[in-house]
Amino acid sequence: MNAQTLISLGRSLLPVLLRRGGQALAVGVLVGMLSFLMMRWLPGDFAYRIAAGRYGYDLVSAEAAEAVRRELALDAPWYVALAGWWQQLLAFDLGNSLVIGTPVVDEIRHQLGHTLMLAGAALGLSLLIGLPLGVAAGLRPGGWADRLGLLVSVGLRAFPPFLLGLLMVIVFAGADLPAAGHGEAANLFLPALTLALGLAAGSSRIVREAIRNVLASEHYAFAQTKGLPLSLAVWRHALRNMALPVVAYLGVQLAFVIEGVVILETLFAWPGIGHAMVHAVFWRDVPMIQGTCLMLALCFVMLNALVDLLCLALDPRHR
Amino acid sequence: MVDVFLPRRRALLLGLGALPLAACRPGSETLTQGEIDGQTLRLVGPWEITGLDPSRAGYLFSRTEISETLVDLDDHGHYVAGLSSEWSVSADRRRWRFRLRPGARFHDGSPVSGTAVRQALEYARVKPGGLGMVPIERIEAGEFTVDLHLRQIFEPLPAVLAHSSTQILAPDCYGASGSVRRIIGSGPYKLSLLEAPQRFAAEVAETWDGPAPAIRRLHYLAVGRGESRALMAESGQADVVYGLDPASWQRLRGNPRLQVQAVHLPRTIYLKLNAGHPLLARREVREAISLAIDRAGIARAVLRDESAAASQLLPPVLPDWHDPALAPLATDLARAGQLLDGLGWARGADGIRRDGQGERLALKLQTFPDRPELPVVAAAIQEQMRQLGIAVEVAIGNSSDIPAGHRNGTLQMALGARNYANIPDPSLTLSQDFAGQDSDWGAMGWSDPDLATGLLSLQGAAGERARVAVRRQVTATLQAELPVIPVAWNRLVAAVQPRLAGFSLDPFERSYRISRMRWQS
């Protein structure tokens with residue numbers, strides 16, 4: 001690799017990294033503040049909620065709540081608490097869970113692996129389902145595969161993930177597939193498939209559109225004119241052009257993935273970040289909420305940066 | 001020259017394919033430790049590990065026989081030796097000496113000494129649970145004995161020492177200010193994996209001095225949704241599933257591949273009423289509400305269990321307190337209407353009654369979803385009270401809203417589920433609920449001096465005949481005065497795979513009795 005290539009490489013990479021780095025910082029600041037303030041704005045007494053989370057409904061009492069209030073200095077004004085969190089964060093410390101008592105960073109390390117596993121498996125499955133369906137629809141626009149694909153896509157997309165998840169559990173329970181839990185590979189299948197179906201519903205339509213545009217293009221017509229068989233023409237002259245909008249769309253789908261992960265992890269008792277976040281909200285475990293929201297937001301930015309880089313790699317025009 | 005930005009198509013596709021695969025690495029390196037094989041007992045329940053402290057989710061470790069309490073209960077609810085093999089009380093009944101089981105060792109190999117027990121109890125005193133209620137003057141440790149010196153006589157002490165919040169952990173478990181960092185107990189099983197809040201695993205401890213259990217390994221998984229738990233039982237993913245919701249219970253009862261067991265709990269679903277509220281202050285109103293509640297209907301339609309309808313506050317599983325001779329709580333909407341008519345509370349055009357000042361009878365009912373049947377029961381009560389002419393708004397929130405509303409006086413009605421034998425002597429929970437001012441989960445704006453005196457006398461040295469009389473009086477007063485309105489009695493339901501033998505349920509929910517189970521040969 002010579003110096004010139006390095007410079008041009010730097011030139012195309014730098015704006016992406018700078019933009020996404022700045023975004024990560026802004027998102028961190030906003031998410032940390034907002035999750036903190038939203039928790040403060042919710043009705044109900046903090047100390048009681050945390051006590052209920054810690055001791056359960058059989059032992060939660062006013063004494064327990066007052067003990068929690070003293071222990072965690074919950075009477076301190078909100079700006080003191082927020083400043084404390086920022087101070088900790090600058091020292092790369094996310095604090096301790098108010099309910100479980102363990103460091104938030106340990107909890108997140110454990111959960112993030114599970115969440116990424118679920119999200120990754122879902123994305124992979126969605127490509128396996130969405131790509132062939134999209135190609136089949138795009139090769140014959142208006143054909144039966146296209147129309148059926150549209151119908152199924154609209155149907156799947158209209159289903160909220162939790163409803164789809166419940167249906168999957170009911171449908172597959174007879175097939176001896178694990179309904180919930182983790183620790184075994186088979187546990188991953190149902191939540192990943194549920195998420196993947198929603199994702200494939202979107203991506204198959206994008207693939208279809210992309211294929212249709214590529215097939216209608218002049219360079220593809222030329223490839224056919226010079227006598228390449230269909231498979232080779234698609235492989236050499238259509239796939240890469242088609243991949244661009246599909247990869248770009250992955251970035252858009254990340255929002256759907258994160259939303260789905262939060263809901264489905266609870267439904268399938270999958271010990272990821274979404275599951276932890278739902279619990280933390282219920283228990284008013286503020287450091288945990290801030291930590292999980294921050295991590296999800298940073299993942300979102302990081303994966304979007306990855307999508308940018310992939311697009312850059314696919315599309316020579318932007319280099 | 002290799003140009004990273006000119007990937008071959010193949011490299012590109014490989015890269016795309018590798019993205020999800022790269023994300024597929026599990027974050028936990030401990031998975032291998034908790035590996036489940038065919039000989040592992042797989043337990044599933046709704047209870048999450050919300051903290052290691054005995055006062056938090058410590059009950060999970062005592063139920064799975066990882067940790068022990070000084071006192072244990074037999075199947076009939078009588079006190080038997082636990083970590084303490086025997087105990088004696090001084091003549092003035094203010095010094096209790098607990099002799100520790102000879103040969104008892106913690107899972108780290110250290111002996112269970114008097115000092116270790118004293119330390120665990122000192123920490124338990126300042127945390128929620130039961131020990132804070134005991135008038136302890138000081139705790140003294142011998143080599144293998146512990147003496148509890150009391151400021152005054154407190155007869156239910158063994159019950160408190162049987163509660164999971166007083167379980168004894170090794171001194172090494174406690175960090176600064178008594179926070180629990182790890183679990184080292186003295187029971188037949190030792191913790192081998194912990195992934196809070198969802199799962200833990202345990203295996204037989206080599207330090208255990210009793211008979212060797214047949215089940216060598218166990219794995220506990222918390223699954224919050226009742227439907228998911230039921231499906232895990234059906235698909236054979238769990239050997240024991242605790243806490244089936246009523247609909248799943250009904251469905252699984254017909255499943256030939258599963259055994260379904262149920263046991264009545266000393267837990268009652270009840271309406272807590274603010275008797276200080278102008279609309280609820282009169283006994284006739286509380287009686288009218290009680291008469292309007294169709295307990296048999298709720299038991300049949302919501303809980304799917306005819307025997308769940310509460311005829312009085314305390315269920316038959318507490319034979320010392322339940323009085324079968326007492327006239328059961330009845331449903332009689334006509335009589336209930338007459339009671340309100342008698343107060344001059346006539347119906348308005350919308351079917352809702354108005355009191356003497358023309359104030360509409362509208363009340364707020366607070367409940368929580370941690371026990372999934374509560375919101376449904378609340379909806380049934382809402383409709384039954386509407387038929388009586390009282391408009392009810394159901395608010396489903398956090399369980400702590402009820403004690404919080406009690407303390408700031410805003411609570412009107414609440415639907416809860418109280419375990420009267422959480423500490424196995426019901427007199428303690430009943431005293432908390434009906435004898436004092438701070439009855440977060442009991443009476444509100446109501447008191448009865450005789451009942452309070454009676455309940456507190458049970459903590460003293462009264463003879464058995466006097467105790468029986470007090471218990472009868474308490475049960476009768478609660479039935480007549482209705483400071484809280486009983487609705488239904490709870491059951492604990494479990495689905496069990498037939499490959500497991502020796503399974504039984506503990507109505508006091510103190511133990512899963514795993515060391516008594518074995519695999520069907």
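For the numbers below, each heavy atom of this structure counts, side chains included, while hydrogens, waters and symmetry mates do not. Because the structure is a prediction, the values reported are computed rather than measured. Lettering follows sequence order; numbering is per chain, from 1.
In this structure, no portion of B:Arg181 lies under 4.5 Å from any heavy atom of chain A. Proximity to chain A (any heavy atom under 4.5 Å) is shown, for B:Pro54, by neither the backbone nor the side chain. Contacts between B:Arg225 and chain A at a heavy-atom distance below 4.5 Å involve the side chain alone, from C-beta outward. The part of B:Glu48 that comes within reach of chain A is its side chain, from C-beta onward, which places non-hydrogen atoms under 4.5 angstrom from that chain. Of the two parts of B:Asn419, the backbone and the side chain both hold a non-hydrogen atom closer than 4.5 Å to a non-hydrogen atom of chain A. Residue contact with chain B, scored on non-hydrogen atoms closer than 4.5 Å, involves the backbone and the side chain of A:Asp58 alike. With a 4.5 angstrom heavy-atom cutoff, B:Ile49 touches chain A only via backbone atoms. Contact of B:Ala417 with chain A is made through the backbone alone, with heavy-atom distances under 4.5 Å. Proximity to chain B (any heavy atom under 4.5 Å) is restricted, for A:Glu107, to the side chain, taken from C-beta onward. Using a 4.5 Å cut-off between heavy atoms, B:Phe368 contacts chain A through its side chain alone, with no backbone atom that close. At a 4.5 Å heavy-atom cutoff, B:Ser179 makes no contact with chain A through either its backbone or its side chain. Contact of B:Trp47 with chain A is not made at all, since no heavy-atom distance falls under 4.5 Å. When heavy atoms are compared at a cutoff of 4.5 Å, A:Ala62 approaches chain B by way of both its backbone and its side chain. For a residue to count as touching a neighbouring chain, one of its non-hydrogen atoms must lie under 4.5 Å from one of that chain's; by this rule B:Ala222 touches chain A with the backbone only.
Here the side chain of B:Ser55 pairs no donor or acceptor atom with the backbone of A:Tyr55 at under 3.5 angstrom.
Atom CG of residue A:Leu59 and atom CG of residue B:Asn422 lie 5.5 Å apart, to the nearest 0.5 angstrom. Once rounded to the nearest 0.5 Å, the distance linking OH of A:Tyr48 with CG of B:Asp440 reads 6.0 Å. If you take OG1 on A:Thr102 and CG on B:Leu194, they are separated by 9.0 Å, rounding to the nearest 0.5 Å.
The residue from A:Gln111, A:His110, A:His275, A:His114 that alone fulfils the side-chain contact (heavy atoms from CB on, under 4.5 Å) condition with B:Gln198 is A:His275.
Ranked by non-hydrogen atom pairs under 4.5 Å with chain B, the options A:Glu63, A:Arg54, A:His279 are led by A:Arg54. Taking A:Gly101, A:Ser61, A:Ala122 one by one and counting their heavy-atom pairs under 4.5 Å with chain B, the maximum is reached by A:Ser61.
Shown here for B:Asn398 and A:Ala52, the closest heavy-atom pair between the two residues is OD1-CB, 3.4 Å. Nearest heavy-atom pair across A:Phe282 and B:Gly397 is CZ-O, 4.3 Å.
Residues A:Ile100 and B:Pro197 form a side-chain contact, since some pair of their non-hydrogen atoms from C-beta on lies under 4.5 Å apart.
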